[in-house]
Amino acid sequence: MLIHQAKGRIERLWGTLQSRLLVELMMNVKEANEFLRGYIHKYNKNFSCQPENSRSLFVPFKENEDIDNYSCIKDTRKIDSTGVFSFKNK
């Protein structure tokens, strides 16, 4: 089999799945929701566990703190004349 023939077959498969799967899911959304409701209980029964420590580890956020210091890493750079910058010499 030539590579382009194999590629065509898989592309046709993906095209069929993409065009039909959404339609099939929409037609069966009620049954899918019912399945998921039951499956969630089955999944939790098999895989859930109780925490070893019931004490909360949540630390309240202090209003006077800057949230940017927690949610990102900031670094200063210089941009050259072409608009390019480097990071760790790359």
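Quantities reported herein were computed from a predicted structural model and do not represent experimental measurements. Counting from 1, the numbers follow the sequence of the chain as shown.
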Is there a path from Ile79 to Phe87 through hydrophobic residues (I, L, V, M, F, W, Y) whose side chains come within less than 4.5 Å of each other? no
Rounded to the nearest 0.5 Å, the CG atom of Asp75 sits from the NZ atom of Lys88 at a distance of 8.5 Å
Should Phe47 and Leu36 be counted in the same cluster of Ile, Leu, Val, Met, Phe, Trp and Tyr side chains packed under 4.5 Å apart? yes
Between atom CD of Glu31 and atom CE of Met27, what is the distance when rounded to the nearest 0.5 Å? 9.5 Å
Once you measure the plane-to-plane angle for Phe35 and Tyr39, does it fall in the parallel (<30°), tilted (30-60°) or perpendicular (>60°) bin? parallel
Phe85 and Lys78: which non-hydrogen atoms are nearest, and at how many Å? CB-O, 3.7 Å
Is there a donor-acceptor contact under 3.5 Å from the side chain of Asn44 to the main chain of Ser48? no
Does atom CG (Asn89) have a neighbourhood of more than 12 heavy atoms from anything else shown, all under 6.0 Å? no
